[in-house]
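Lettering of chains follows the sequences in order, A, B, ..., and the numbering in each one begins at 1. Since the structure is predicted, the reported quantities are computational estimates derived from the model, not experimental observations.
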There are 2 protein chains.
Amino acid sequence: MTPQTIKVACSNCNLRELCMPVGLNDEQLQRIDEAVAVRRKVKRGGTLFRNGEAFTSLFAIRTGFFKTCLTTEDGRDQVTGFQMAGEIIGLDGIVNDHHSCDAVALEDAEVCVMPFDRLEELSREFTALQHHVHKIMSREIVREHGVMLLLGSMRAEERLAAFLLNLVQRLHARGFSQSELILRMTREEIGSYLGLKLETVSRTFSKFVEEGIIEVKQRHVRILDVEALRSIVNNQQNCH
Amino acid sequence: MTPQTIKVACSNCNLRELCMPVGLNDEQLQRIDEAVAVRRKVKRGGTLFRNGEAFTSLFAIRTGFFKTCLTTEDGRDQVTGFQMAGEIIGLDGIVNDHHSCDAVALEDAEVCVMPFDRLEELSREFTALQHHVHKIMSREIVREHGVMLLLGSMRAEERLAAFLLNLVQRLHARGFSQSELILRMTREEIGSYLGLKLETVSRTFSKFVEEGIIEVKQRHVRILDVEALRSIVNNQQNCH
DNA sequence: CGGTCTTTTGAGGCACATCAAATCACGTGG
DNA sequence: CCACGTGATTTGATGTGCCTCAAAAGACCG
């Protein structure tokens with residue numbers, strides 16, 4: 001079961017601005033190309049890495065959509081994030097040289113393999129790359145702060161509204177529509193991420209539809225009233 | 001209102017093994033001493049940094065106890081963590097050059113100021129330091145995964161049990177008792193961190209006391225039955 | 001076209017929130 | 001040193017948002 005691999009080059013990658021720092025010269029880019037020489041395909045439902053596996057590389061998502069999730073022995077399951085093209089996955093593995101969660105492809109995907117020891121070497125040479133790595137990790141920390149706020153203080157409608165806004169904003173940054181999106185994950189996975197049961201997710205979708213805020217046809221969602229979603233998230237009624 | 005500052009040296013700091021990598025030689029340690037040359041005192045209730053402030057430095061806690069929290073315009077408030085001696089605070093600021101949360105001292109505290117640009121310079125020179133910085137950030141990411149699991153899938157008793165076990169474990173690693181601890185935060189702050197209301201925290205404490213699992217006298221907690229706490233966290237009854 | 005997985009919707013229950021009040025701890029100033 | 005005010009904590013009564021259980025409909029796939 002060897003992973004499928006392909007030759008690759010960051011220097012001519014259209015996602016470069018998402019996963020690489022700006023301000024690198026050609027020579028530096030070529031050095032990075034040598035380090036990030038391998039791509040890997042993951043079929044839908046397949047895992048990029050699993051909890052407990054040795055950590056060697058970070059992965060830059062080129063195409064496809066992933067979830068990361070924790071699974072504990074006692075049967076708890078928590079989706080910790082959804083990742084799309086241009087995002088970096090695998091940061092959890094650095095601290096203990098082993099991954100501490102699973103990364104599962106929600107659709108056929110392709111990632112660039114970035115061996116972490118090579119990345120550290122290059123970081124020591126290129127200040128811009130070093131700072132970029134730091135920023136990526138810091139961004140993930142800040143993102144997780146936001147999820148903690150969501151899980152700790154929001155009600156179901158607020159959580160789902162925030163979730164939709166976040167997804168559509170990230171998709172828009174990648175050139176997709178501001179108002180339409182296709183959910184790559186099930187209601188159950190959304191629920192796990194948001195700390196809700198799948199029935200609650202489904203009911204909340206239905207409520208939004210009734211209120212004319214969104215249209216839902218299966219996994220296809222069209223946002224009719226962004227402002228309504230925003231005002232649900234920035235709810236005034238919880239500051240009493 | 002200039003912060004109080006003092007000269008400092010990592011090389012003879014008894015917390016070094018907590019916040020610095022092992023395997024540095026004397027020359028390297030001295031270089032770090034020059035970079036981390038300043039300490040800062042924060043009075044109880046004071047802030048080390050606030051949301052929106054420019055980011056310049058990471059802080060290593062020398063003494064005292066902090067909370068970090070998000071506060072949104074709409075009145076939401078979320079404690080994202082509690083930090084104690086030897087822990088690094090401020091990582092959230094790297095990505096946007098501005099802090100995105102508040103760090104508040106819950107008791108009189110003293111921190112070592114580590115200018116981040118100096119830290120990046122030294123990281124380029126000392127592989128061990130570079131890797132250490134990466135590990136610290138990865139550790140924070142993994143910690144937050146755990147909080148997401150807690151907030152997303154645990155019931156009140158499980159959350160509080162996990163919280164107590166985590167606190168006492170960290171205190172024990174610093175030479176304190178395995179079974180006794182003093183809470184530096186209010187019930188409300190615990191509740192905010194755990195996604196619960198302060199009344200629920202108080203009731204759950206009372207329940208644990210009734211069951212003979214802990215003793216509580218104000219902020220002083222004595223753990224009588226660690227195994228009971230562990231089995232509450234590793235609950236079998238939620239895998240049906 | 002049958003089987004499986006996903007999603008929706010309903011009915012009822014429960015864990016936690018909310019509201020309220022009393023007690024307690026603590027710091028301050030008389 | 002005590003009285004007082006303030007904030008923290010506990011406890012009770014009640015409400016409700018989400019969960020649980022259940023069933024049916026719908027989508028997808030071999």
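- A:His145 and B:Glu144 are linked by a side-chain donor-acceptor pair at a separation below 3.5 angstrom, with hydrogens and angles left out of the test.
- In summary, the side chains of B:His220 and B:Glu180 do present a donor paired with an acceptor at a separation below 3.5 Å, with no hydrogens or angles considered.
- At a threshold of 4.0 angstrom between heavy atoms, the contacts of B:Gly191 with the nucleic acid are absent.
- Rounding to whole angstrom units, CG of residue B:Leu151 and P of C:dA15 are separated by 19 Å.
- Applying the salt bridge (charged side-chain N to carboxylate O under 4.0 Å, His left out) criterion to A:Arg184, with sequence neighbours excluded, gives A:Glu107.
- Between the side chains of A:Asn234 and A:Arg230, no donor-acceptor pair is found at a separation under 3.5 Å.
- Other residues, nucleotides and ligands contribute only 12 or fewer heavy atoms inside 6.0 Å of the CZ atom of A:Arg44.
- Atom CE of B:Met154 is separated from atom C1' of C:dC16 by 17 Å (rounded to the nearest Å).
- Summary for the helix from C:dC1-D:dG30 to C:dG30-D:dC1: the axes at its two ends, each from 5 pairs, differ by 40° when rounded to the nearest 10 degrees.
- Atom P of nucleotide C:dC24 and atom NZ of B:Lys217 are separated by 14 Å, given to the nearest angstrom.
- Using a 3.5 Å distance cut-off with no hydrogens or angles, the side chains of B:Asp102 and B:Thr47 do not pair a donor with an acceptor.
- Side chain to side chain, B:Asn51 and B:Ser100 fail the donor-acceptor criterion of an N or O pair below 3.5 Å.
- Computed from coordinates, the A:Glu157 CD to D:dG17 P distance equals 9 Å when rounded to whole Å.
- Separating the NZ atom of B:Lys197 from the C1' atom of D:dT10 is a distance of 17 Å, rounded to the nearest angstrom.
- The nearest whole Å value for the distance from the CZ atom in B:Arg76 to the C1' atom in C:dA17 is 15 Å.
- Residues A:Ser138 and B:Val95 come closest through the heavy atom pair OG-N, 3.0 Å.
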Assign a letter to each nucleotide of nucleotides 7-14 of chain C from its 5' end: B, base within under 4.0 Å of a protein heavy atom; S, sugar-phosphate only; -, no contact. SBBBB---
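- Put simply, CZ on B:Arg222 and OG on B:Ser177 are 8.0 Å apart, with the number rounded to the nearest 0.5 Å.
- In this structure, CG of A:Leu106 is placed 12 Å from P of C:dT6, rounded to the nearest angstrom.
- One atom, CD of A:Glu158, and another, C1' of D:dC18, lie 14 Å apart when rounded to the nearest Å.
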